[in-house]
Structures are given as C-alpha cells and as structure tokens.
Amino acid sequence: MKKRWIALLLILSLLCALAACGGQGETEATAETEAASIETTEAVIRIPITSVPADLFGTCSDSLYTNSLLQLQLELPADWYFYGASRLAALSGITLGEEEEATKEKFMIAMKANGISYDMVACGNDDHDTLSVCFEHPGHLYGQSMSEQAYAEMILQSFSERLSGIDSGAAGAELCTFSLGSNEHPCLQFLSSENGNTLHKTMVFVQIDEYIAIISASSPYEGNDTSVLDRFSYYEVQTPEAEETPDEG
C-alpha cells in the first residue's frame, strides 16, 4: 500500500510539473506575441524623435508669441493671457508628476507618440475669445502625408455634417486664404454650436515639412464675419543676416 501511495504522489508531481511547463510555455508565447504586436504598432504610429524639428515649438514671453519655424510673431491684447505649460501639456497628452515640468523635450515626445501637440493657447479674460497653435502629423493621424491645402479640404469635409445642425441663419463653411507675414495659407471659416452658443471659428493651415501647423481662433458669433485672427498683427520673425567675413588680402 505504501508503495502505491508513493507511486501516486510521483504521478501527481509529474502531472503538476507538466502543467507548469505547459503554462509557462503558453505565457512565454503570449508575451512574445504581445511584444511583437507592440513593436508592430509602434512602428506604425510612432514618429522617430529625430524627425521632429528641434525648433518646431515656439515661445511665449509676456504677451508675445514667437515661432521661428513658422516665421511668425503675434502680440496679445492687454486683457488676454497665455495658457501655462502644464495646461498645454494636458492638451498635448503629456502626463506630469507632481515635481515634473513640461519641458520642450516632453512636447517633442508627445508629438512623436500622439501625432499632435499644442504650442500655444491664449484667451481673452472673459474666456469667450480663444486663439491656439497646434502641430499635427497627418501621416501619423491619417496614414498619409498631405499638403496644407489638401488637409484644409479634408477638415472642411469632416465639418460638413456637423454644420448642418446649426440654426443660426448663417451656418456654413468656406475655404479662403489668410496672410501670415508675407505668405498666404489655406483658411477655413465656419460656425460651430457649443454649449448652446454659436461660435465663429477660423483655422489657418501652415505646412512645415511633414507637419501641419493649425492656427485656430474662436469667438461668439454676432451676425458678422469678423474673425478673432483679424484683430492681430502678424509679422515675420527677423533673422539676423550672417555677417560677411572680409577677404584676407
């Protein structure tokens, strides 16, 4: 009888060992599959950090916004304010710890991972008028590169159905052009219904290599076509000319 119990215990131990090996093999196979899936996904959706221009993002100093890559500067009215870095980080999908700061590098990583990052958001003190600059990567978001004109036309098409439900007597959208500095860019103007209010919105599209900068403005619709963007003066950033080195005689 004792020998039978020992044999039975050996058989049970063997079965447990086989089950454990089988479970470990399945776990390892699952882990390998998940890792391969993650690598494939990242290869599709992630932008190499080296492809993000180092000067893609601008700066906000007092009431002046400057972006050298866009060759754009604009100054806010006295009663406007800029969003802080932490609020921009939240809009850009950046999670910050209690002691972390929203650095330029983190915004570049957000662009690489999400395909979109906010560079600037400004508001009037009544929060009704807003102005923003964000960068989007069409290849990341939509799987194909697009010109600024094609991107504007795609956005116009996507808003068509949403605009049909606005009862303001002037609902609609149109593509035009808008001058920033010495250059003209596609501009989409439309009305949007939010929280029971009808807003006049303007979006200007500026192409930077494979990225699209979207300069957006929003204000309450008051029966006219004046955009918030028309209230600002835009001028090109002055780049110092390289000093000529005199030829050595």
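No side-chain heavy atom of Val133 sits less than 4.5 Å from a side-chain heavy atom of Ile214. At least one side-chain heavy atom of Met146 sits under 4.5 Å from a side-chain heavy atom of Gln144. Side-chain contact between Tyr142 and Met154: present, with at least one pair of heavy atoms (C-beta onward) separated by less than 4.5 Å. With a 4.5 Å cut-off on side-chain heavy atoms, Leu70 and Phe135 count as touching. Residues Ser145 and Pro138 fail the side-chain proximity criterion, which asks for heavy atoms closer than 4.5 Å.
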Taking it one step at a time, do Leu72 and Ile215 satisfy side chain to side chain contact (heavy atoms under 4.5 Å, CB included)? CA-CA 11 Å; Leu72 173 66; Ile215 302 169; 3.7 Å; yes
Intermediate values then yes/no, side chain to side chain contact (heavy atoms under 4.5 Å, CB included), Phe178 and Gln189: CA-CA 10 Å; Phe178 195 92; Gln189 297 206 45; 5.7 Å; no
Tell me, with the steps shown, if Ser219 and His128 meet side chain to side chain contact (heavy atoms under 4.5 Å, CB included). CA-CA 6 Å; Ser219 60; His128 291 154; over 6 Å; no
Go through it in stages, so that I can follow the logic: the residues are Leu131 and Val121, the test is side chain to side chain contact (heavy atoms under 4.5 Å, CB included), and I'd like the CA-CA distance, side-chain angles, deciding distance and then a yes or no. CA-CA 6 Å; Leu131 179 66; Val121 175; over 6 Å; no
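Separation of atoms OG (Ser117) and CD1 (Ile94) is listed at 5.5 Å; rounding is to 0.5 Å. To the nearest 0.5 Å, atom CE of residue Met203 and atom CG of residue Leu188 are 6.5 Å apart. Atom CD of residue Gln73 and atom CG of residue Leu180 lie 13.0 Å apart, to the nearest 0.5 angstrom. In this structure, Ile109 CD1 and Lys104 NZ are separated by 13.0 Å, a value rounded to the nearest 0.5 Å. Remark: Leu175 CG to Leu156 CG distance equals 4.5 Å, nearest 0.5 Å.
Residues Ile116 and Met111 share a closest heavy-atom pair of N-SD, 3.9 Å. Between Leu229 and Ala217, the shortest heavy-atom contact is CG-CB, 3.6 Å. Considering all non-hydrogen atoms of both residues, Ser147 and Gln207 come closest at CA-OE1, 3.4 Å. The two residues His140 and Ala113 make their nearest non-hydrogen contact at NE2-O, 3.1 Å. The minimum heavy-atom distance linking Thr177 with Cys187 is given by the pair C-CB, 3.9 Å. Of all heavy-atom pairs spanning Asp129 and Pro220, the tightest one is OD1-CD, 3.5 Å.
Ring pair His185/Phe205: centre-to-centre distance not below 6.0 Å.
Side chain of Ser92 to backbone of Tyr118: a donor-acceptor contact under 3.5 angstrom is found.
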Quiz: residues 76-90 side-chain donor-acceptor pairs under 3.5 angstrom, not counting sequence neighbours:
from  : atom 1 : to     : atom 2 : distance (Å)
Tyr81 : OH     : Asp127 : OD1    : 2.8
Tyr83 : OH     : Arg87  : NH2    : 3.2

Output side-chain donor-acceptor pairs under 3.5 Å for residues 49-65, partner residues at least two apart or in another chain, one line each.
from  : atom 1 : to     : atom 2 : distance (Å)
Ser51 : OG     : Pro48  : O      : 2.7
Ser63 : OG     : Glu75  : OE2    : 3.4
Tyr65 : OH     : Asn67  : ND2    : 3.3
Tyr65 : OH     : Asp119 : OD2    : 2.5

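Looking at Gln157 and Glu153, their side chains never bring a donor and an acceptor atom within 3.5 Å of each other.
By the side chain to side chain contact (heavy atoms under 4.5 Å, CB included) test, Glu100 is found to be paired with Leu96, Lys106, residues two or more places apart in sequence or in another chain being considered.
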